[in-house]
Enquirer: 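Let me give you the structure first, and then I'll get to my questions.
Since we're looking at a predicted model, the values are computed, not measured.
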Amino acid sequence: MTLRIGNFSGFYGDRSDALREMLTGGEVDVLTGDYLAELTMLILARDRLKDPSAGYARTFPRQLEETLGLAHERGVRIVTNAGGLNPAGLADAVRALAGRLGIPVRVAHVEGDDLTARHPGSLAAHAYLGGFGIAECLRAGADVVVTGRVTDAALVTGPAAARFGWGTTEYDRLAGAVVAGHVLECGTQATGGNYAFFGERDPRDLRRPGFPLAEIHADGTAVITKHPGTGGFVDVGTVTAQLLYETGGARYAGPDVTARLDSVRLTQDGPDRVRIEGVRGEAPPPTLKVGRNRLGGFRNEVVFVLTGLDVEAKARLVKEQMGDALAKSPPADVRWELVRTDRADAGTEETASALLRLVVRDPRQEAVGRVLSGAAIELALASYPGFHVVAPPGKGSPYGVFEDVYVPHGEVDHVAVLHDGRRITVDPPQDTAVLHDVPEPALPEPLPAGPTRRVPLGLLAGARSGDKGGDANVGVWVRSDDAWRWLAHELTVERLREMVPEAGGLPVTRHVLPHLRAVNFLVEGILGEGVAAQARFDPQAKALGEWLRSRHLDIPEALL
């Protein structure tokens, strides 16, 4: 027996017609839509402040309006976390839509993740629930299941547990589904989107990648593929890249199971087919992660354009002038960043210009509003030659801060609200295990000495990076055993700090994953207080891996 689970959304704002594409492109049993990220929860919380009936992804009902009848005809079930902060409200909206369209679908939802009332000062505080609430809804016959904050992989583990009758302690099977769910959760990132080695492919493959699906078996093994004839591609590299995305060590913890990423084995199973097997699972940790979003204060920014000669002197002058102007009521946090995008003897004004970015933050809006904008604009005729800014600063806007906190499983009421109104409480796990780091595995024999060439790391290695609160991860992998022998010894924590200087004073941990020929680095604190605080040029670290790949190393010529 095989369960075919596809994905039609990797984030709030993903391709709107993907649901129809997945329903019409081939055989599928369940379709999952992932809409939630740390920043999304803050956006939905602000929506809810304006309208208490809001708090869910409003794009989902619009997608469903054109496809609900088709899903019903084909017997395809839909599972989504688009409920966000208000899963009951979205479930009601789907029922109203189905009634208006005259389609007899059964809609259920999962709740209990909302812990905002227990965390004063939070805009939203939500526990990451597992997949067994979803499983209860599907076992009771639901056609559409709406959740709030569950783990991304729970959208896959829930349907798999329902179909195959898995119990809560069948850890290897559950872990296999978690790994498949992690590959699917970001949609087209598993089918060639955002892929490090995209330049090796025919550009026509990448214009419109198809969405991924997983063929999951009763033993927890899976094959990642996509509908025939759709764009993009699925190979060991694309799946490896997504496995490394926003993960940390070898133990990938969740509310249902801790999956051992160091046990994952990937093999090419044919064109656009990658088999995942060997996944081991362990008891989940004794606590649930809670994502807490709160208002951090107010921020504002202005970007000065410095053109032509004397860029450093121009930057010094405007810094001193702005410092004098802001001294009367200095913001709590002032950050300058000079980005040298300029070139000598440039053929265009744009390429002759550098950007000087000033960001200010303070608990008081007045400290970052008119004070900043007035100071910047008053310099228009009194500063460096060629003075202008990208855009005038505004009055300052609120920014959010994301934090992780943890609570025991028993403090969360995980409830499946069935389509007929019955409420089923999902019990916490029977067994738990405190997380410990896995001892570093033995490294392969290093390559013998030989001639090297100083070239970008990316000629040999792929990378993918992402954010987790204020931390970032960057996973780096290679595609041959000899390249792995070199990478495992060369790309150490010390080497990473050399290549990414802003990580120099931060805690950095390296995790080794030999089966994937990969090392995964966790850089703590590089993103400040998280994406919503926008403390960094690339606030979600999406391009950190590509920056790393562009840095030069002495690489053995035999590998190039």
Side-chain angles (χ1 to χ4, degrees), residues 11 13 37-43 186 189 194 196 244-248 291-306 315 318-319 322 331-342 354-363 368 372 389-391 393-394 396-404 457-458 463-476 493 496-510 520-551:
F11 68 102
E38 294 167 0
L39 181 60
T40 314
M41 298 297 281
L42 177 62
I43 293 170
C186 287
Q189 279 197 167
N194 301 347
L244 294 172
Y245 181 63
E246 295 181 345
T247 59
R292 178 177 179 240
N293 284 281
R294 61 176 175 83
L295 182 65
F298 296 85
R299 72 180 299 279
N300 206 348
E301 71 174 77
V302 58
V303 180
F304 301 91
V305 182
L306 314 176
V318 75
K319 282 183 181 181
M322 289 296 295
D333 183 43
V334 178
R335 301 190 186 193
W336 290 93
E337 183 179 20
L338 177 60
V339 183
R340 295 301 302 264
T341 53
D342 55 305
L355 300 177
L356 179 65
R357 181 172 178 245
L358 167 62
V359 178
V360 296
R361 295 182 180 80
D362 197 276
V368 303
L372 175 69
V389 297
V390 171
S397 58
Y399 71 89
V401 172
F402 179 87
E403 299 167 333
D404 291 345
L457 172 64
R464 181 164 285 169
S465 56
D467 62 308
K468 282 295 182 186
D471 304 335
N473 93 291
V474 54
V476 183
V493 168
L496 180 90
R497 287 195 171 111
E498 292 174 10
M499 299 170 75
V500 182
E502 64 182 299
L506 299 174
V508 179
T509 306
R510 184 179 93 150
N520 197 13
F521 294 92
L522 181 68
V523 185
E524 297 180 39
I526 193 170
L527 303 180
E529 294 177 301
V531 56
Q534 298 184 38
R536 189 174 180 271
F537 170 68
D538 173 18
Q540 290 181 282
K542 299 299 186 185
L544 179 61
E546 285 303 292
W547 177 29
L548 181 66
R549 293 182 70 234
S550 74
R551 301 304 309 270

Enquirer: Report the residues that fulfil salt bridge (Lys or Arg N to Asp or Glu O under 4.0 Å) with Arg335, sequence neighbours left out, ordered by chain and then residue number.
Expert: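 Result, salt bridge (Lys or Arg N to Asp or Glu O under 4.0 Å) vs Arg335: Asp333.
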Enquirer: Can you see which heavy atom on Pro398 is nearest to which on Leu295, and at what distance?
Expert: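 So the two residues come closest at CB-CD1, 3.5 Å.
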Enquirer: List the atom of Val476, the atom of Leu244, and the distance in Å for their closest heavy-atom pair.
Expert: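 Here Val476 and Leu244 meet closest at N-CD1, 4.1 Å.
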Enquirer: Determine the minimum heavy-atom distance between Val302 and Ala391, stating which atoms define it.
Expert: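 Taking Val302 first and Ala391 second, the nearest heavy atoms are CG2-O, 4.3 Å.
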Enquirer: Rounded to the nearest 0.5 Å, what separates atom OG1 in Thr341 from atom CG in Leu306?
Expert: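 CG of Leu306 is found 9.0 Å from OG1 of Thr341.
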Enquirer: Using side-chain contact (heavy atoms from CB on, under 4.5 Å) as the criterion, list what pairs up with Tyr399, not counting sequence neighbours.
Expert: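 Here the qualifying residues are Arg299, Arg361, Val401, Glu529, Ala533.
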Enquirer: Could you tell me which residues satisfy side-chain hydrogen bond (donor to acceptor under 3.5 Å, both in side chains) with Thr247, sequence neighbours excluded, listed by chain and number?
Expert: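 Listed in chain order: Asn520.
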Enquirer: Which distance, rounded to the nearest 0.5 Å, do you find between the CD of Glu38 and the CG of Leu527?
Expert: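 Reported value, rounded in 0.5 Å steps: 9.5 Å.
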Enquirer: Taking side-chain contact (heavy atoms from CB on, under 4.5 Å) as the definition, give me every residue that meets it alongside Val493, ordered by chain and number, with sequence neighbours left out.
Expert: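 Testing Val493 for side-chain contact (heavy atoms from CB on, under 4.5 Å), a comparison that skips the adjacent residues, returns Arg497, Val508, Arg510, Phe521.
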Enquirer: Scan for salt bridge (charged side-chain N to carboxylate O under 4.0 Å, His left out) pairs involving residues 534-543, sequence neighbours excluded, and state none if there are none.
Expert: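 Residue pairs passing salt bridge (charged side-chain N to carboxylate O under 4.0 Å, His left out), neighbours aside: Glu246-Lys542, Asp467-Lys542, Glu502-Arg536, Arg536-Asp538.
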Enquirer: Can you confirm whether Asn473 sits close enough to Lys468 that some side-chain heavy atom of one is under 4.5 Å from a side-chain heavy atom of the other?
Expert: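 No, their side chains stay 4.5 Å or more apart.
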Enquirer: Minimum heavy-atom separation for Ala541 to Ser465, with atom names?
Expert: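 Smallest interatomic distance, heavy atoms only, reads O-OG, 2.6 Å.
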Enquirer: Can you name the closest pair of heavy atoms from Ala354 and Asp342 and give their distance?
Expert: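 Minimum heavy-atom separation between Ala354 and Asp342: CB-OD1, 3.5 Å.
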Enquirer: Taking only residues two or more places apart in sequence, or in another chain, which ones meet Pro539 in a side-chain contact (heavy atoms from CB on, under 4.5 Å)?
Expert: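 Result, side-chain contact (heavy atoms from CB on, under 4.5 Å) vs Pro539: Val531.
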Enquirer: Which heavy atom of Asn293 sits nearest a heavy atom of Met41, and at what distance?
Expert: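 Closest approach of Asn293 to Met41, heavy atoms only: ND2-CB, 3.6 Å.
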Enquirer: If you define the side chain from C-beta out and look only at heavy atoms, does anything of Leu358 sit under 4.5 Å from Leu372?
Expert: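 Yes, side chains in contact.
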Enquirer: Answer whether the closest heavy-atom distance between the side chains of Val390 and Arg357 falls below 4.5 Å.
Expert: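 No, every pair of side-chain atoms sits at 4.5 Å or beyond.
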Enquirer: With sequence neighbours left out, write down each residue that passes ring-ring contact (aromatic ring centres under 6.0 Å, His included) with Tyr245, or none if nothing qualifies.
Expert: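 Testing Tyr245 for ring-ring contact (aromatic ring centres under 6.0 Å, His included), a comparison that skips the adjacent residues, returns none.
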Enquirer: With sequence neighbours excluded, tell me which residues meet salt bridge (Lys or Arg N to Asp or Glu O under 4.0 Å) with Glu524.
Expert: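 For Glu524 there are no salt bridge (Lys or Arg N to Asp or Glu O under 4.0 Å) partners, ignoring immediate neighbours.
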Enquirer: Got Thr40 and Phe11 here, is their nearest side-chain heavy-atom distance under 4.5 Å?
Expert: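 A side-chain contact under 4.5 Å is absent here.
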Enquirer: Just to verify, what does Asp471 make a salt bridge (Lys or Arg N to Asp or Glu O under 4.0 Å) with, not counting sequence neighbours?
Expert: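 Expected list: none.
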Enquirer: Tell me every residue that passes side-chain contact (heavy atoms from CB on, under 4.5 Å) with Arg292, counting only those two or more places apart in sequence or in another chain.
Expert: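 So Arg292 forms a side-chain contact (heavy atoms from CB on, under 4.5 Å) with His119, Ser122, Ala125, Arg294, Glu403.
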